[in-house]
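Before any comments, here is the structure.
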Amino acid sequence: MLCLTAPEAGVRVSDMEYEPVIGLETHAELLTESKLWCRCSTRFGEPPNTQTCPICLGMPGVLPVLNERAFELALRAALALNCAINRPTFFDRKNYYYPDLPKNYQVSQNYCNLGEDGWIEIPVDAELRRVGIHNVHLEEDAGKNLHAQHGGAHYSLVDLNRAGTPLLEIVTRPEMHSVAEADAFMHTLRRLLLYAGVSDCKMQEGSLRFEASVSMRPAGSDGLGTRVEVKNLNSIKAVRGALEYEIERQTRRLREGRPVEMETRLWDAERGRSAVMRTKEEAQDYRYFPEPDLLPVEISDRELARVRASVPEMPVLRRSRFERDYGLSEYNASVLTDSKQVADYFEACVAAYDSPGSVANWIMNEALALTNRRGIGIAEFEISPERLAGLVRLLNEGRINARVARDIMHKMIDTGKDAPTLVREEGAEQVSDRSALDPVIQQVIEENPQPVQDYLAGSKKAVGALVGQVMRLSRGKADPKLAGQMLRQKLDRMQ
Ligand code: ADP
Ligand code: MG
Ligand code: ZN
């Protein structure tokens, strides 16, 4: 191995190549109205400690009752992630003390997770790569500590509104090898959870959080190095930052001949660095044991089949189907399948009017531009897919031109009327019959000697100015293509 002298005296630095090994643990709050063991609301942003009861406050003597909806969503996620389902599955107590955990234990799963041995396909370098899912399990969220600074006093407040919120944990195998792969995994998983309707995945509200494990190994080898776990990652950006930092830190240590310590670190997004939270010696023993207050959960064949049938087609598959069946470009297919709502909207449009290419253009360039600007989802868009399809049909059949179509789209939103009605009422039908256009063309040629002369002198693009005049005179209703054609014919004859 080639060794160089490091800047610091006495430290030897090698130029050995290392590659990162990354595993991610993802926590997603499930989309339920109420908590996992009680009927308290899970709504975000309510005044502190207003959504609590003796059960989620951890009072002695209370008994939890499993939220069926939460279990079903967790099962749907496990199936969407191609996991084998443990039947029955059961819950375990994970014992630890923390002020936002009034019971001093978290009900989670350890010995018999709901799902295990799954996988997810993520796009890497224009191909799909499988990342193994070690397990998927259901657990309860803790409350929140708020660290206040008030009048020179430093103290913490505890808000237990979140305590007992159903949380899904998804643990990957250590099978990712770059920040880009981890990034693709997080985006793909987020989209999958949104598609499956199991979580709203709002990172700014803490609905989706990550923990990352990283180790380094000599490039090309297949052993596993000592791992460091980084916690407190509340966004995809934070995970990227923490991984980049950790990969660099570990590589530097290894090159200097110093071992990587097994430890848990906390990411500080503001400072862009992590700090040790606990080392191997302080590693916690959670003393897991089966939760005595809850029975194992049996899942019948019928129930399993029903939930399996509720797993929607996954975005990656839907995207390739859109390319194949509708002849869309890769880019258009990926924009249209980015959210399930948009993909559903597109397919409903195509069912009403079988012209996928132009429907795709109209959704992407007009409908989405409009809804994005207004900050609403396509599901809240006033124009139904059937009506948008009706508008595109009028455009494709040459009954209105694109400018008028755009105008009609805005009027559809304002009036709630459909496109054919508005076109009729406004007399907006495109003039595409030659005899109707002829006098207008004649008038434009007579009134615009300069562009006419330019055209005759060889400047073919001068015809554009004349088309503009035809559009103006026809109040936007002329068929611009036909107008251009007729102008050229007439002018060529004048030569
Ligand atoms: P624990 O049970 O102690 O939390 P796990 O084996 O369940 O540890 O792994 C937790 C996470 O750490 C998983 O996402 C896994 O992929 C990842 N991981 C495990 N070993 C390594 C390693 N050597 N390098 C990187 N990541 C690892
Ligand atoms: Mg773990
Ligand atoms: Zn409660």
Side-chain angles (χ1 to χ4, degrees), residues 18-27 32-43 46 49-59 62-67 70 81 92 94 96 102-103 106-111 113 116-120 131-137 139-143 159-166 169-179 181-182 185-186 189 209-218 221-231 233 239 242-243 246-247 250 254 259-265 278 280 282-288:
Y18 291 95
E19 68 177 10
V21 174
I22 300 166
L24 292 175
E25 288 165 273
T26 305
H27 284 104
T32 57
E33 306 261 313
S34 59
K35 295 187 181 179
L36 191 51
W37 320 117
C38 60
R39 299 170 72 166
C40 291
S41 167
T42 54
R43 205 157 351 109
E46 296 298 308
N49 299 309
T50 54
Q51 301 183 151
T52 56
C53 73
I55 296 173
C56 55
L57 289 175
M59 298 292 170
V62 297
L63 285 174
V65 176
L66 176 63
N67 179 332
L81 288 164
D92 303 295
K94 178 177 182 178
Y96 67 99
K103 292 187 292 199
Q106 178 193 25
V107 179
S108 179
Q109 299 194 284
N110 185 54
Y111 298 115
N113 292 304
E116 52 190 38
D117 274 334
W119 47 266
I120 182 172
V131 174
I133 302 293
H134 181 273
N135 78 74
V136 171
H137 63 264
E139 62 188 23
E140 59 181 334
D141 208 347
D159 175 7
L160 293 171
N161 280 353
R162 199 178 68 178
T165 296
E169 180 166 342
I170 299 154
V171 183
T172 73
R173 294 193 183 282
E175 292 181 351
M176 288 170 275
H177 301 287
S178 66
V179 178
E181 272 186 35
F185 169 83
M186 290 183 283
L189 178 65
R209 289 132 41 194
F210 305 93
E211 288 166 14
S213 291
V214 202
S215 62
M216 303 300 297
R217 68 184 179 193
S221 67
D222 24 76
L224 285 177
T226 305
R227 81 170 157 126
V228 165
E229 196 173 350
V230 191
K231 291 189 182 282
L233 303 170
V239 176
L243 287 175
E246 196 53 28
I247 289 168
Q250 291 186 21
L254 291 167
V260 170
E261 309 286 343
M262 179 159 167
E263 59 197 15
T264 302
R265 302 174 72 92
R278 58 175 177 249
K280 194 179 178 180
E282 305 160 309
Q284 294 197 344
D285 179 356
Y286 295 114
R287 310 229 262 158
Y288 280 102

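Counting convention: from 1, in listed order, for ligands and their atoms alike.
- Here's the thing with I22: none of its N/O atoms is less than 3.5 angstrom from an N/O atom of ligand 1.
- A heavy-atom distance below 4.5 Å is not found between the side chains of F185 and I22.
- When all heavy atoms are compared, the tightest approach of T52 to N49 is OG1-O, 3.6 Å.
- Using a 4.0 Å cut-off to heavy atoms of V21, the atoms of ligand 1 that qualify are 24 (N), 25 (C).
- In T226, neither the side chain nor the backbone holds a heavy atom less than 4.0 Å from any atom of ligand 1.
- Between R265 and E246 there is a salt bridge, since at least one side-chain N of the basic residue sits less than 4.0 Å from a carboxylate O of the acidic one.
- For H134, no heavy-atom contact with ligand 1 is shorter than 4.0 Å.
- Taking distance alone, with nitrogen or oxygen atoms compared against 3.5 Å, V171 stays at or beyond that limit from ligand 1.
- In this structure, CH2 in W37 is found 9.0 Å from CG in N67, a value given to the nearest 0.5 Å.
- For Q51 against R43, the heavy-atom pair with the smallest separation is NE2-O, 3.0 Å.
- By heavy-atom distance, the residue among S215, S213, G132 lying nearest atom 11 (C) of ligand 1 is S213.
- Taking each heavy atom of T42 and P166 in turn, the nearest pair found is CG2-CD, 4.2 Å.
- Set against the non-hydrogen atoms of G23, the atoms of ligand 1 under 4.0 Å away are 14 (O), 16 (O), 26 (N).
- Around the CZ atom of R278, the shell of radius 6.0 Å holds more than 12 heavy atoms that belong to other residues, nucleotides or ligands.
- Between T172 and ligand 1, an N or O atom pair is found at a separation short of 3.5 Å.
- Angle subtended at the Zn ion (ligand 3) by C53 SG and C40 SG: 100°, rounded to 10 degrees.
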